[in-house]
Amino acid sequence: MKITKSLAITIGVLAAHLIFAYVLPYFAPYDPRRWATVPRDMPPSTAFLFGTTTVGQDLFWLSSYALRNSITLGILTASVSILIAFLLGATAGFVKNPALHNILTLCIDSFSLIPGLPALIVLTYSWRKYLSPILIALILSIFGWAWPSRSVRSLILSLRERPFTHTALLSGYSMIEIFFKEYLPYIIKWLAVSFLGLLTWAIGMETTIAVFGLSTLEEATIGSILYWALQYQAILRGIWWWPIIPILLLTTLIVTIYQLSNMIGELLGAR
Amino acid sequence: MKKMESRKFKPLIAHMLSRLLFFLLTVWIGLTVTFIISRANPVDPSVTLISRLLSMGAHLRPEEILAMKQQIMELYGLEKPPYLQYLSFLKGVLSGNFGPSFTSFPTPVIDLIYNSLPWTILMLGFSTILSWVIGNIIGVLAAIFSKKRISRALEWIAMSLYPVPYVILALLLFLLFSLVIPIYKGVGGAGMTKFSLSFSFIAEAFKRLSIPAISIIMLSAASWFLSMKALALSVKGEDFVNYAVIRGLRRKTIIKYVTRHSLLPQITALALSLGYIFNGALITEHIFSYPGLGRLLYQAITGADYNLMLGILSYSIVGVATAALILDLIYPLIDPRIRYGGG
Amino acid sequence: MDLVLRGLNIKGGYEMSKVYVDAVNNVSLELYKNEIFGVAGESGCGKSTLVKILYGYIEPPLKLKSGSIELYSNDEKSFMISSLSLDDLRKTVWWKHISYIPQNSMNVLNPTTRVKDHFAEMYKTYTGMKKKEAYAMARKYVEDFGLPSDALQAFPHQLSGGMRQRIVIAVALLLQPAMVLADEPTSALDVINQRAALMFLKKAQERLKNTIVLVSHDMGIHSVLTDRMGVMYAGNIVEVGGTQAIFEKPLHPYTEALIESLPRLGDKSQRTGLKGQPPDLRQPPSGCRFHPRCPYSKPICQKEEPEHGKREKDRRVSCWIYAS
């Protein structure tokens, strides 16, 4: 009973974020990214719910655009990473040839040891002229797959050691049948949980590189709003809502997704 | 029994050799990926450098630009075919010689790194060890007294803190302590680059270190706490702990049992998280203008200083992998199941 | 015969937020010096819970509702286990006077400490001995026990299951308690090792002349090893008596079914098992808890619990068939 109640709250908060991000932009009275469409530096009021920025953008509509872009970027990154993670992890878990197994394992392990952020900064900096949310998502995926891949591999290795696998093999099932009938439902539950983990990771990572001034700064994302707010010394000049609004949106979104993934994990018994 | 005695150290040696081999391969793959990333640049680095010079107000004639381009290409070895560039890069890593820095020409890259390295090691060492210790102690206690209200409150706090991206937390703390409660004034990159052991230095270092360190400790202690609590709870339910309770061992002994067993996976996790800790250093140093490797790297990247960039990245990969190797080699000393194989 | 333990009207079970599992219902028993007492019954009948209660190891959700357990030690002191706190039990009763061999006992040793530390810990906890002395004592003790002293230096995972099993038995007998509770001690072992471990236990008992309560679902073990036994069904002890007498002439319909289901040499007829399932102890049946499965069920069986009445010398049965 308790779980369903907090699950309802979590889903409600998440739905509010999603409506704000994916429905509201259609009702924007003007392109919120354009400068000087509204008076500058207005604090939150009934006219401007979230206030306005120093360059004359309405933060309400701007953050709705930004949240949409950030979430989309996160979903794209998470999908690509999960796909790579699953393919490599499953192959490493199944492959019979010990040399191939070791090479794959080594690849996965060393990618999860590489400090991703510096490499990410080098890449985004070199490609900064071409950056778009899609390119960022692809670059992020280079570093996103290693950890989930590691887990897929060990998950499969441990499933293969379970008695039910031996029983099934001895009763004449092929490994492929066992994989689709027995393992896949289990692994998919697990993938759902780590998809949500990657989603929050990607959204946070985009924000991070934006703070370094290396994201798509012309496109509205949560990170780029934050970057410009810092560039314009918003807090120092008392324009607190400029950085605080995106920070609040981002934090509530990420904490909610995290809670959701915990609950899903608990419900499915994947943890 | 006799057989066991004679064979008992073989698994240990096998373990150490495999870790060592793994270490070398990991470092090699990491370095190679770094090299590829640094060359995966759609813009010719020499063009970037020259356009930077021009934008700084230098007036150059076309033939001067051409000569300069040639010079830069030679300086960075970019005129050679890629495989030779790769080999000389690997040679550079082995000898510690990455050539001169461009942004602070002609200071060798290695000197710049050695100036910043102690700062990063100081802060990372301090905050990593502290957060690991704090998180694990509170985690074990929370699992042992899992029915107490405070234990649940702590878990709730950690659960809300843990998913927050570090950059957000660091920014909030920075804004809080530099503007709202201005006790962090006068902390910039200015001065204080020489590392020493004098009292005034330590006092100053502590002042600079405390807030960035707190930002790291808050988040990573929360994450260590969560994993430790989960681990300790499951160890608490294991047969051998139950047997210890049945045998009437003292509470102190049982806490020791649970702690020791839950710590084992936490040590492996620490080794695996070192790469992420280095990521954190980059963010911390950028936001708090802390004079360490992370800030140097950011300057190198934005200044298109390729030698410096490759030098720092190689160092961090070797550093992270070495720390992980040390933890791996220590591990069998605390887990006899690995020391003696089997199990 | 000297009484070692007397349990009177023990009622206990697991109290969860919404349900109560009535695991032990009104059990009384008397155990004597120098005997092996068997507790038989299907899994889930409350055997393990009863043993935990006898040991006084009562932690939520397990709760002792009523009843008393009194232990008489070798030095003729008596301890009211049912009214002592866990701390008091630890300080005054456990291991010195009553010890425990847990379920799955070949896997209960701490995997990161050496075997000798398991002995030393006990000496240190209960006699305040110093570490060095404790190691020396452990060595002597293990050798006297006929176990290889090499095993002391090993970590548990380096030893065979049978050896670990024997170590746990040796640990239980370390301080020569008046009574040892053994809860399915050998169910994880293969038949050969099981036999060896049980013989090891029996030999030790013959030497120390103490009391052992041996819980097992395996009637074969009871027939070979125990002197007296109690048969449990759904939280009740339905029959108590000398093992030989019970096997020769089971009185309770449930005991009869249990023994009937055992294979016999040369008998090729089909074995008939008991119909139905053991009851859900969250909602135990009314009256005699065995009545839904009992072939001799009468109307009264559904309404009232039968008394645990004395039938013959040392023989008690709870069944309406024998009510006068």
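For a residue to count as touching a neighbouring chain, one of its non-hydrogen atoms must lie under 4.5 Å from one of that chain's; by this rule Ile203(A) does not touch chain B. With a 4.5 angstrom heavy-atom cutoff, Met309(B) touches chain A only via side-chain atoms. Contact annotation for Leu230(A): only side-chain heavy atoms (C-beta onward) come within less than 4.5 Å of a heavy atom of chain B. Using a 4.5 Å cut-off between heavy atoms, Leu297(B) contacts chain A through its side chain alone, with no backbone atom that close. With a 4.5 Å cut-off on non-hydrogen atoms, Leu250(A) touches chain B through its side chain but not through its backbone.
For the atom pair Tyr298(B) OH and Leu214(A) CG, the distance stands at 5.5 Å (nearest 0.5 Å). We find the NE2-OG1 distance between His286(B) and Thr208(A) to be 10.5 Å, quoted to the nearest 0.5 Å. To the nearest 0.5 angstrom, Leu106(A) atom CG is 5.0 Å from Leu25(B) atom CG. A distance of 6.5 Å separates CG in Leu175(B) from CD1 in Ile247(A), rounded to the nearest 0.5 Å.
No more than 12 heavy atoms of other residues, nucleotides or ligands sit less than 6.0 Å from atom OH of Tyr162(B). Counting non-hydrogen atoms of neighbouring residues, nucleotides and ligands closer than 6.0 angstrom, the CG atom of Leu20(B) exceeds 12 such neighbours.
By a heavy-atom distance cut of under 4.5 Å, Pro163(B), Val164(B), Pro165(B), Val167(B), Ile168(B), Leu171(B) are the residues of residues 163-171 of chain B near chain A, going up by number.
Judged as a side chain to side chain contact (heavy atoms under 4.5 Å, CB included), and not counting sequence neighbours, the contacts of Ile326(B) are Thr322(B), Ile330(B). By the side chain to side chain contact (heavy atoms under 4.5 Å, CB included) test, Ala222(B) pairs with Ala158(B), Leu161(B), sequence neighbours left out. Applying the salt bridge (charged side-chain N to carboxylate O under 4.0 Å, His left out) rule to Arg162(A) yields no partners; only residues at least two apart in sequence or on another chain are considered.
The shortest non-hydrogen separation linking Ile37(B) to Phe143(A) is CD1-CZ, 3.9 Å. Considering every non-hydrogen atom in both Ser160(B) and Val255(A), the closest pair reads O-CG2, 3.6 Å. The minimum heavy-atom distance between Pro118(A) and Leu313(B), with the atom names listed, is CB-CD2, 3.2 Å. Closest heavy-atom contact between Ile283(B) and Phe212(A): CA-CZ, 3.9 Å.
The candidate with the highest count of non-hydrogen atom pairs below 4.5 Å against chain A, out of Ile312(B), Leu172(B), Ile287(B), is Leu172(B). With respect to chain B, the highest number of heavy-atom pairs below 4.5 Å among Ile142(A), Ile257(A), Val211(A), Thr251(A) belongs to Val211(A).
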